Amino acid sequence: MNKYNPQEIELKWQKFWEENKTFAVTEDSTKEKFYGLIEFPYPSGAGLHVGHPRSYTAMDVITRQKRMEGKNVLFPIGFDSFGLPTENFAIKTGRPPAEITAENITTFTRQLKSLGFGFDWNRAVTTSEPEYYKWTQWIFLQLYKHGLAYKANQPINWCPKDKIGLANEEVVTHSTSSGQVSCCERCGSTVEKRNKEQWMLAITKYADKLLEGLNEVDYISRAKVQQENWIGKSEGAEINFALNVPRQDLGKHSVTVFTTRPDTIFGASFLAISAELAQKWIDVGWQASEEVKKYIVETLQGRTTAVAREDIEKTGVDSGIIAINPVNNESIPVWIVNYVLGDVGTGAIMAVPAHDERDFEFAQKYNLPTKEVVIKQLGERVDGSEVRNTARGICVRDGKLLITRNKKMGEYLLVGGGIDNKESPTGALLREIKEETGYCNIKISSYLGTVEHNYFHTQHKKNLHALVAGFVFELENEETVPRVENEIQKANILWLPVAEAIEKFENSPSFCREVEFIERYLQKKGLPFTENGVAYNSDFLNELPTPEAKEKMIQWLEEKRVGKRKKNYKLRDWVFSRQRYWGEPIPLVFCENCKGWIPLPEDQLPLKLPHVEKYLPTDTGESPLAPMTDWVNTTCPQCGGPARRETDTMPNWAGSSWYWLRYCDPHNVEQLASKEKLNYWQPVDWYNGGMEHTVLHLLYSRFWNQFLYDIGVVPTREPYKKRTSHGMILASDGQKMSKSLGNVVNPDEMVEQFGADALRVYILFMGPFDQAVAWDTNGLVGVRRFLERVWNLQEKIYDNIPAIVGQITDNKIQTVLHQTIKKITEDIAAMRFNTAIAKLMELSNEMGTREKIAREDYHIFIKLLAPFAPHITEELWNLFGTGDSVAYAPWPQYDSELIIEAEIIIVVQVNGKVRDQLTVSPEISEEEIKQMALSSEKVMKWLEGKEPKKVIYVKGKLVSVVV
RNA sequence: GCCGCGAUGGCGGAAUUGGUAGACGCAACGGACUCAAAAUCCGUCGAUCGCAAGGUCAUGAGAGUUCGAUUCUCUCUCGCGGCACCA
């Protein structure tokens with residue numbers, strides 16, 4: 001036997017795979033397809049990062065296993081090669097980006113091949129090659145022709161260092177001592193706001209479709225949630241408020257607000273409008289006071305600094321204008337405030353302090369009225385345990401609280417009682433007040449929230465909670481009705497000063513909630529109440545639950561023509577142009593004669609990037625292409641007259657927004673990919689990538705795919721059936737790997753020292769796949785030892801043919817072997833690679849304790865290990881298997897009979913503590929095992945002669961004896 | 001602030017319809033082999049009490065439910081990720 005020599009073996013098999021085109025695939029309608037996708041790398045000058053192989057190895061394992069299961073597997077690779085780092089390097093060195101990219105791709109290709117991934121290299125694509133970006137440009141033209149690409153002059157995020165416009169998605173906020181600052185995602189410079197003509201893609205038109213599409217895909221929930229948050233759909237209404245403008249005519253006499261809570265309109269105590277909107281009013285002739293004007297100017301100035309706008313203290317000024325609430329004709333003031341933004345909704349809101357955090361904060365500060373119009377609905381079960389609902393009221397008059405003196409229970413804070421089925425809390429309270437006190441003209445004035453209380457229920461061995469709702473109510477007058485005799489007997493009523501009342505209840509644990517309610521009343525806690533509840537003090541909405549109240553309100557508004565249903569999104573259109581060189585040229589020309597942007601005819605694609613002398617963007621923000629007059633000046637494809645090319649290029653996101661489609665048919669010169677091939681391979685069955693791409697890349701590429709679906713180019717609406725994400729690999733110090741920290745692990749060195757197989761297995765073994773893990777080279781040492789032990793097992797192989805050798809099958813090995821087949825198969829499907837490998841180690845340890853190992857058992861072991869460590873297993877398969885490549889060896893099936901162990905250990909517990917273990921056959925009956933347990937010496941000792949109250953048997957696991 | 005996730009030995013981590021906590025790996029320690037070292041192989045390895053048999057404690061903290069809780073419920077602490085005045 002030779003020594004395990006990964007360097008030799010790995011090169012040998014990598015060469016074999018390449019020469020035999022082992023992983024090249026063609027469409028085959030007789031076989032079920034499987035399309036596994038990883039995010040193609042950006043070929044940076046730094047070479048492959050150890051983070052890359054985590055995703056690639058995982059998908060390599062999955063696709064290799066699918067291949068062994070007989071699927072026709074597409075596992076492609078390519079390079080996302082347009083982008084800023086290369087361009088910046090070009091600026092620094094004066095070398096053409098294309099040349100730098102080619103070099104980097106050579107390095108990446110060598111590195112990727114050295115790790116033994118089963119990529120179909122024939123299908124490799126490079127986004128910066130004209131054959132590829134021809135189709136990126138083609139897609140852009142389709143978007144343009146369908147009205148989804150347009151040029152707009154609007155404020156954009158401008159990075160003064162990179163000299164490019166950034167999409168919102170590329171701006172990150174950093175906390176500094178002076179507050180939060182918006183920064184460029186890649187260079188960290190503080191972002192400025194600038195106005196610039198930019199190409200925009202109307203992704204907002206797809207907002208609903210992108211949201212709906214999430215229902216039909218299997219993405220990790222975090223990705224779904226993040227996409228939903230980013231799209232940020234909110235449904236509500238636009239409502240018009242008539243304005244009574246003092247002195248001047250505004251040109252119009254109303255303002256439209258957007259709200260998601262039209263049901264709270266009866267609680268609107270003022271309108272709050274943005275400074276932007278106020279400025280517009282001034283522009284059309286509103287003569288605001290000097291104070292107001294000053295406030296508007298200051299607020300607008302504050303906006304232009306890129307400092308993020310949260311955490312800023314809320315300020316505002318009364319405009320002097322009065323608005324009329326359409327539902328009750330109430331006059332409310334219009335305030336100009338800094339917390340309403342011009343670019344959100346309509347730039348104006350109706351402020352309902354009782355039910356909105358921000359409005360509440362503002363109203364407190366400026367002493368504006370707060371009117372509650374929604375209260376909490378009780379009556380739902382909490383966490384499956386039983387809930388008792390009660391309501392308590394505190395009644396106030398002249399600073400005194402009404403107390404009930406209950407002869408049996410001591411003193412009560414006025415009233416309370418259980419809420420019957422179908423009764424509302426307020427209804428129950430009003431009924432009880434009347435019964436207990438006789439006061440009959442009472443009004444609930446505010447809600448204090450609920451207290452969950454289980455103090456005196458704990459003696460029952462159940463999760464019994466009482467939800468106690470607190471209310472404040474007022475007597476409208478002193479009128480009473482006679483109380484029933486029973487109540488008079490039971491309780492007296494008296495009025496106490498607040499402090500005295502608190503004192504009464506403070507020391508009684510059962511009544512601490514009463515104190516809490518009084519305190520809430522005094523501090524007005526419980527407000528704002530922003531959840532769903534039940535409407536009250538709301539005229540025709542009263543007693544309706546929030547969703548129904550919203551609905552009814554919207555209908556009312558539409559009927560009266562003072563408002564309408566409206567959806568609102570956070571998602572903004574996609575800023576699609578960059579003033580840069582190293583990107584796809586936008587295939588449009590501007591023609592003075594035709595008065596507009598004219599698309600290049602499709603037969604003139606690709607529009608190639610010209611060679612330029614300097615790659616540096618200009619200070620005016622124009623692209624390095626702008627000075628290339630030879631290239632810029634062209635003729636109009638429509639009229640033949642002089643025209644100018646667009647000099648902006650596309651952002652990095654463009655090329656990666658459709659690359660998985662090109663893999664299906666990468667050499668097609670007629671189409672982006674043929675219909676037949678797309679029909680065969682689409683959609684991607686499983687896409688794994690970084691968490692950092694779950695918002696942007698996923699959203700953009702889904703948008704393009706949906707668009708291409710709508711125009712009949714691709715066969716499925718959603719591009720990816722399943723999306724998973726891997727955790728980051730951190731440096732051994734637990735920090736992010738970075739050149740500047742000098743803690744970067746180089747994959748080349750690891751391959752050289754330990755071998756690609758060891759690196760692959762270690763990367764998957766180091767921790768749960770979806771979590772961040774710190775690098776530990778010692779762990780790699782351990783994995784290398786494991787592979788060596790596997791290698792050395794070959795010495796024990798024998799042919800287990802009973803007739804010839806007379807050996808007896810090793811039952812224990814059989815059991816472990818088949819358990820392992822089951823576990824590995826399940827673990828790969830669930831990406832639990834770490835436990836899969838642990839199980840393989842257990843199996844190899846078990847085999848290591850044997851004198852001999854049957855050849856067929858060793859075969860199974862090699863096949864199970866093959867997706868993880870392809871080189872060593874190819875070698876062993878070649879030496880001891882049936883020849884051929886193990887890559888296509890059939891995946892082993894487990895025998896469910898063999899999984900059952902010959903004898904099992906049953907644990908015996910006495911009062912929950914393990915006291916004995918019994919080794920028995922798995923077929924043992926419940927009676928037998930209970931008998932055995934009770935007659936065990938150890939158990940008898942702990943029983944101390946007492947009769948067991950209960951004996952529980954959990955099949956195959958334990959016997960629990962309760963004394 | 002809101003939403004989501006997490007906390008288990010010296011370390012990475014196992015263990016889910018609630019059923020022997022610590023699989024597997026690393027590190028550490030002891031032994032074999034060796035002139036020696038490395039490599040390899042064998043063994044020990046949560047804490048604590050005990051000569052031992054064995055006991056007790058232990059999965060971020062505190063409570064609850066249960067015969068039994070790392071697992072379920074509630075409260076709290078810390079950490080990570082996302083969003084952030086979106087009306």
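For the numbers below, each heavy atom of this structure counts, side chains included, while hydrogens, waters and symmetry mates do not. Everything numeric in this text was worked out from a predicted model, so none of it was measured. Convention: sequence-line order gives letters A, B, ...; per-chain numbering from 1.
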Testing [options] for side chain to side chain contact (heavy atoms under 4.5 Å, CB included) with [X], which one passes?
X	options	result
I349(A)	L271(A), T259(A), D359(A)	D359(A)
F833(A)	V761(A), I824(A), L764(A)	L764(A)
H726(A)	N688(A), T57(A), I763(A)	N688(A)

Closest nucleotide among [options] to the [X] side chain:
X	options	result
S234(A)	C86(B), C85(B), A87(B)	A87(B)
R572(A)	C86(B), G25(B), U20(B)	C86(B)
R222(A)	G25(B), G4(B), U20(B)	G4(B)
L958(A)	G19(B), G12(B), C86(B)	G19(B)
R915(A)	U20(B), C67(B), U56(B)	U56(B)
M841(A)	C86(B), G25(B), U20(B)	G25(B)

With heavy atoms under 4.0 Å as the rule, sort [X] into base, sugar-phosphate or nothing.
X	answer
N778(A)	sugar-phosphate
W942(A)	sugar-phosphate
R832(A)	nothing
G782(A)	sugar-phosphate
Q909(A)	base
V773(A)	sugar-phosphate
K913(A)	sugar-phosphate
K957(A)	sugar-phosphate
N845(A)	sugar-phosphate
S960(A)	base
N911(A)	sugar-phosphate

In whole Å, what separates the [atom1] atom of [N] from that of [M]?
N	M	atom1	answer
A53(B)	A69(B)	P	27 Å
A32(B)	U48(B)	P	28 Å
C11(B)	G46(B)	C1'	13 Å
G68(B)	C57(B)	P	14 Å
U8(B)	A15(B)	C1'	10 Å

OP1 or OP2 of [N] sitting under 4.0 Å from any side-chain N/O of [X]?
X	N	result
N229(A)	A84(B)	no
S221(A)	G4(B)	no
R358(A)	G1(B)	no

What is the distance, rounded to the nearest whole Å, between atom [atom1] of [X] and atom [atom2] of [N]?
X	N	atom1	atom2	answer
D916(A)	U20(B)	CG	P	15 Å
I906(A)	U20(B)	CD1	P	11 Å
D343(A)	C85(B)	CG	P	10 Å
K839(A)	A15(B)	NZ	P	12 Å
E826(A)	U16(B)	CD	P	12 Å
F786(A)	G12(B)	CZ	P	23 Å

(message) Taking atom NZ as the centre, does K564(A) end up with more than 12 heavy-atom neighbours from other residues, nucleotides or ligands that are less than 6.0 angstrom away?
(response)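 Open: at most 12 neighbouring heavy atoms sit under 6.0 Å from NZ of K564(A).
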
(message) Would you call the rings of Y339(A) and F362(A) parallel, tilted or perpendicular, taking 30° and 60° as the class edges?
(response)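 Tilted: the ring planes of Y339(A) and F362(A) meet at 30° to 60°.
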
(request) Let me know, please, whether V225(A) or T346(A) comes out on the 5' side of the other along RNA chain B by nearest nucleotide. (result)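 Its nearest nucleotide being more 5', the pick is V225(A).
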
(message) Please encode protein proximity along nucleotides 39-47 of chain B as a string of B, S and -, counting only heavy-atom distances under 4.0 Å.
(response) -SS------

Mate of [N] where both pairing distances stay under 3.5 Å, Watson-Crick or G-U:
N	value
G79(B)	C5(B)
A38(B)	none
A27(B)	none
A15(B)	none
G22(B)	none
U65(B)	none

(message) Taking the side chain as everything from C-beta on, heavy atoms only, tell me whether D356(A) gets closer than 4.5 Å to R261(A).
(response)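 D356(A) does not reach R261(A) side chain to side chain.
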
(request) Taking the side chain as every heavy atom from C-beta outward, state whether Y762(A) and T777(A) have any pair of such atoms under 4.5 Å apart. (result)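 No, their side chains stay 4.5 Å or more apart.
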
(request) Using a strict cut-off of less than 4.0 Å between a Lys/Arg side-chain nitrogen and an Asp/Glu carboxylate oxygen, indicate whether E788(A) and R784(A) qualify as a salt bridge. (result)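 Yes, E788(A) and R784(A) are salt-bridged.
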
(request) Report yes or no: is there a donor-acceptor pair, N or O only, under 3.5 Å between the side chain of K314(A) and the base of C85(B)? (result)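 Indeed, a donor on one side and an acceptor on the other fall under 3.5 Å apart.
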
(request) Keeping to residues at least two apart or across chains, list the salt bridge (charged side-chain N to carboxylate O under 4.0 Å, His left out) pairs with something in residues 829-841 of chain A. (result)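 Qualifying pairs: D827(A)-R832(A).
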
